[in-house]
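The next block holds one structure in the form of structure tokens; read it before the comments.
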Amino acid sequence: MDRFYWDSFKTFFRIGAFTIGGGYAMIPLIETEVVDRHRWLNREDFLDAIAIAQSCPGVFAINMSVFVGYKLRRLPGALCAALGTALPSFIIILLIAMFFANFQDNPVVESIFRGIRPAVVALIAAPTFRLARSAKISLANCWIPIASALAIWLMHVNPIYVILAAGVGGYLYGTIVKPTEK
């Protein structure tokens with residue numbers, strides 16, 4: 001049997017089990033495992049995978065694992081990687097559901113969660129800066145992610161519209177503006 005299935009299951013199980021803060025906080029760990037350690041994707045493919053995973057409905061980490069698994073071993077690879085990602089969360093949520101009533105009003109538990117929240121924000125912010133560098137965000141085009149974030153946050157624009165507008169803008173730039181720059 002192909003070793004990829006076991007390796008991808010273990011890798012994504014570990015990512016799912018030991019990353020606090022959700023999908024975006026998982027990006028550095030996924031990148032380290034998928035790009036640096038296993039070399040399943042190169043950096044450009046990884047950036048494309050992030051764009052696709054974020055653009056698709058569903059859980060970001062599951063979408064990433066499906067993309068990686070499918071790219072390398074089609075449907076069986078996608079299923080194996082997705083199961084590895086989802087299983088730890090399922091087990092953890094099941095355990096929390098079984099015991100949460102006993103601890104939900106505990107001041108120690110409340111304090112721990114108050115301490116974890118700012119760290120989760122940092123876990124999300126750090127890969128954002130690394131992704132900006134990889135996506136070649138510069139002073140000339142940094143207005144695009146800033147305007148997109150502000151539109152989503154302040155004006156409550158649906159992120160799908162932002163993604164569609166960015167895609168159309170990129171297409172227009174590549175077909176109209178870029179050829180005239182040469």
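Computed from heavy atoms alone, side chains included, the values below leave out hydrogens, waters and symmetry copies. Just so you know, these numbers come straight off a predicted model, no measurement behind them.
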Test ring pair (Phe, Tyr, Trp, His ring centres under 6.0 Å) applied to Phe46 - qualifying residues, sequence neighbours left out: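 Not a single residue meets the ring pair (Phe, Tyr, Trp, His ring centres under 6.0 Å) criterion with Phe46.
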Checking side chain to side chain contact (heavy atoms under 4.5 Å, CB included) for the pair Trp40/Ser8: CA distance, chi angles, key distance, verdict? CA-CA 10 Å; Trp40 290 330; Ser8 66; 4.0 Å; yes
Side chain to side chain contact (heavy atoms under 4.5 Å, CB included), that's the test. Do Tyr5 and Arg73 meet it? Break it down for me. CA-CA 8 Å; Tyr5 298 111; Arg73 297 295 188 280; 3.7 Å; yes
Listing, residues 109-122 side-chain donor-acceptor contacts under 3.5 Å, not counting sequence neighbours, or none:
from: Ser111; atom 1: OG; to: Pro107; atom 2: O; distance (Å): 2.9
from: Ser111; atom 1: OG; to: Arg114; atom 2: NH2; distance (Å): 3.3

Taking all non-hydrogen atoms of both residues into account, name the closest pair between Phe60 and Ile50 and its distance. CE1-O, 3.9 Å
Between Ala61 and Met26, which heavy-atom pair has the shortest distance, and what is it?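 So the minimum-distance heavy-atom pair works out to CB-SD, 3.1 Å.
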For [X], check side-chain contact (heavy atoms from CB on, under 4.5 Å) against everything at least two apart and list the hits.
| X | answer |
| --- | --- |
| Leu154 | Leu150 |
| Arg37 | Arg14, Glu33 |
| Asp45 | Leu41, Asn42, Asp48, Lys71 |
| Arg74 | Tyr70, Pro76 |

Shared hydrophobic cluster for Leu172 and Tyr161 (ILVMFWY, side-chain gaps under 4.5 Å): no
Kindly work out whether a path of hydrophobic side-chain contacts (I/L/V/M/F/W/Y, heavy atoms less than 4.5 Å apart) joins Val168 to Leu164.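 Looking at the clustering, Leu164 is in a separate group from Val168.
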Check which hydrophobic residues are tied to [X] through side-chain heavy-atom contacts below 4.5 Å, counting indirect links as well, and list them.
| X | result |
| --- | --- |
| Ile163 | none |
| Trp143 | Ile144 |
| Val66 | Val59, Ile62 |

If I take atom CD1 from residue Ile15 and atom CD1 from residue Ile27, how far apart are they, to the nearest 0.5 angstrom?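 Between atom CD1 of Ile15 and atom CD1 of Ile27 there are 11.5 Å.
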Looking at CZ of Phe4 and CZ of Phe9, how far apart are the two atoms once the value is rounded to the nearest 0.5 Å?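 CZ of Phe9 is found 13.0 Å from CZ of Phe4.
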With sequence neighbours left out, the residues meeting side-chain hydrogen bond (donor to acceptor under 3.5 Å, both in side chains) with Asp7 are Arg3
Not counting sequence neighbours, which residues clear side-chain hydrogen bond (donor to acceptor under 3.5 Å, both in side chains) with Thr11? List them please.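 Once residues adjacent in sequence are excluded, the partners of Thr11 under the side-chain hydrogen bond (donor to acceptor under 3.5 Å, both in side chains) criterion are His38.
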Extract all donor-acceptor atom pairs below 3.5 Å that involve side chains of residues 78-99 and protein atoms in other chains or at least two apart in sequence.
from: Thr85; atom 1: OG1; to: Ser65; atom 2: OG; distance (Å): 3.2
from: Thr85; atom 1: OG1; to: Ala81; atom 2: O; distance (Å): 3.0

Checking side chain to side chain contact (heavy atoms under 4.5 Å, CB included) between Pro145 and each of Ile137, Thr128, Val162, which is the one that passes? Ile137
